[in-house]
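Single-structure report; data block below.
Model, not experiment: these values are computed from the prediction.
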Amino acid sequence: MAAAAAAKLRLRVALILLLLLGGFMTVRPQAADKYSRLKNEEEATPGKEFRVAKLSQVWDKAQRLQLSPVKLAELHSDLKIQDKDELNWKKLKADGFDEDGEKEARIRRNFNVILTKYKLDGRMKTMPSESNYLSDLGDSENDVFDDPKLEKLWNKATTSGKFNDEEVRKLRREFLHHQDKIQEYHILRETVSRSEDIHQNAISPGEAHIKEDLLHTKHAELKDKHRNVQESFGRLRKLIHQGYDEDSEFSEPRVLELWDMAKQSNFSHDELDSIKEELKHFEVKIEKHHHYQEQLDLSHQKLKHVESIGDKEHLSRNKEKYKMLTEKTKELGYKVKKHMQDLLARLSRGGLNHNEL
């Protein structure tokens, strides 16, 4: 009897487990489908370059438009940083942070800057035609800037006779860097304008107060951006008038900006020496990146030539070299931009941590 009762108990337990398992199997796929659907809305499918789906779409569009290899490598670096920032923001939002939406607005603004910078914002036909900025650096007819004042200043620089080929190359990078600043300023100004329209439609006094604070923050940021653009243009005008200073500590525009930022802050002499050493290492990294950009452009031209003449013997070798240079340029571009972000953040906090040098 005891054995029969035990067997009966085991049978009942087994039936209960089967029922529970059946219910689990019925509900779980739905939950899994919902999770997968939500995940797919946020992240790209496996094998894509980026985890955020919209960034993969931008990357695919850029490849279809056949941007130059250097532009594609630069875009890849920018999208990698944006990809990381967007995923970090999603985690913050899920944990209940960013209640005022300021981080979300900044991320959206950065995304718009990328679209505008690489002419991927749907206004391709109204923009100057795409060209590789490493080609024909001395030919002013091929150098087109969106801003008329910048274009006029560039023409003045290239006809002045003050700059040799290498200096023209450096100057071109400074002008492109300034053009990026102008684009960022215009995008921020449009964002502030839209925020003002929303502010006028505030529903309640409490909501109006919150939106007024956000608007004040955006106006302050816009003012800083405008001042930065003016200072950058003033530096270019001074550079065109005086030429490059052989005794200058640095030559790269981003490094020069960081160094000026450091000198204008309240750093001690020893701290400035540490910052200067850090910036020297950063400038070497930038120059290395420029070198690979040039090699990538040359490799692309050679590959097109080999393909056009049908030289199968050298085609495979050139494709392999081109692929290697593409990946190396992407990698260095990402490292340069992340290093730039890190330096800006650390200088803004009041100095470089000596343990990080």
Side-chain angles (χ1 to χ4, degrees), residues 49-52 55 59 69-89 103 106-107 109-111 113-114 117-118 133-134 169-170 172-181 183-184 224-225 228 231-232 235 248-265 267 270-297 324-357:
E49 289 282 344
F50 308 97
R51 295 177 65 187
V52 177
L55 302 184
W59 178 244
V70 172
K71 284 288 186 184
L72 280 175
E74 286 293 288
L75 172 62
H76 190 274
S77 300
D78 285 336
L79 290 177
K80 277 292 184 185
I81 293 173
Q82 183 73 13
D83 197 47
K84 183 177 180 180
D85 289 345
E86 294 221 11
L87 290 172
N88 286 338
W89 168 76
K103 290 184 176 64
R106 184 175 292 109
I107 286 174
R109 202 154 54 235
N110 290 342
F111 178 64
V113 168
I114 292 173
K117 179 179 178 182
Y118 296 98
Y133 73 83
L134 291 174
R169 190 177 295 270
K170 290 180 181 179
R172 173 70 165 161
R173 290 199 289 266
E174 295 218 38
F175 270 68
L176 288 170
H177 185 56
H178 178 74
Q179 182 166 261
D180 287 344
K181 289 178 178 292
Q183 290 174 338
E184 290 175 9
D224 287 341
K225 284 279 186 185
N228 188 248
E231 290 174 351
S232 177
R235 170 182 157 67
S248 176
E249 294 286 349
F250 307 103
S251 61
E252 286 295 331
R254 283 169 287 185
V255 180
L256 284 165
E257 283 185 9
L258 291 169
W259 180 233
D260 288 341
M261 181 180 174
K263 289 189 294 184
Q264 292 169 10
S265 302
F267 293 118
D270 289 341
E271 286 174 327
L272 283 176
D273 284 343
S274 295
I275 292 170
K276 186 185 296 184
E277 287 302 312
E278 172 80 358
L279 292 179
K280 284 180 180 178
H281 291 304
F282 182 46
E283 186 167 60
V284 169
K285 187 181 291 185
I286 293 176
E287 290 172 352
K288 186 177 180 181
H289 180 222
H290 287 321
H291 169 75
Y292 272 93
Q293 285 181 314
E294 292 173 1
Q295 293 303 308
L296 175 61
D297 182 54
M324 181 274 293
L325 288 169
T326 298
E327 294 304 316
K328 190 66 177 178
T329 305
K330 288 178 183 177
E331 177 189 353
L332 284 171
Y334 176 77
K335 288 181 177 180
V336 164
K337 288 174 181 179
K338 288 301 293 180
H339 198 168
M340 178 72 180
Q341 284 185 347
D342 180 54
L343 286 168
L344 274 171
R346 288 151 62 192
L347 284 172
S348 298
R349 289 196 302 266
L352 300 178
N353 187 330
H354 292 274
N355 294 328
E356 296 175 303
L357 299 182

Would you call the rings of F50 and H76 parallel, tilted or perpendicular if under 30° counts as parallel and over 60° as perpendicular? tilted

Looking at D78 and K117, does any basic side-chain N land under 4.0 Å from a carboxylate oxygen? yes

For Q82 and E86, test the side chains for any donor-to-acceptor distance below 3.5 angstrom and give the result as yes or no. yes

Inspect the surroundings of NZ in K181 and state if more than 12 heavy atoms from other residues, nucleotides or ligands are less than 6.0 Å away. yes

Identify whether the distance between the nearest side-chain nitrogen and carboxylate oxygen of E294 and R169 falls below 4.0 Å. yes

Between the main-chain N or O of E287 and the side-chain N or O of Y292, is there a donor-acceptor pair closer than 3.5 Å? no

In a check of side chain to side chain contact (heavy atoms under 4.5 Å, CB included) between P253 and each of H178, H177, R235, which one passes? H177

Polar side-chain atom of K80 near backbone of E49 as donor-acceptor pair, under 3.5 Å: yes

Identify the heavy atoms of P69 and L296 that sit nearest to each other, and give their distance. O-CD2, 3.6 Å

In sequence, state the C-alpha distance, the side-chain angles, and the governing distance for R109 and E184, and then conclude on salt bridge (Lys or Arg N to Asp or Glu O under 4.0 Å). CA-CA 8 Å; R109 202 154 54 235; E184 290 175 9; over 6 Å; no

Q293 versus D297: any side-chain heavy-atom pair under 4.5 Å? no

Does any N or O in the side chain of N228 come within less than 3.5 Å of the main-chain N or O of D224, such that one atom is a donor and the other an acceptor? no

To the nearest 0.5 Å, tell me how far F250 CZ sits from L258 CG. 9.0 Å

What's the verdict on side chain to side chain donor-acceptor pair (under 3.5 Å) for Q295 and H290, showing C-alpha distance, side-chain angles and the deciding distance? CA-CA 9 Å; Q295 293 303 308; H290 287 321; over 6 Å; no

Do E174 and K170 sit within salt-bridge range, that is, some charged N less than 4.0 Å from a carboxylate O? no

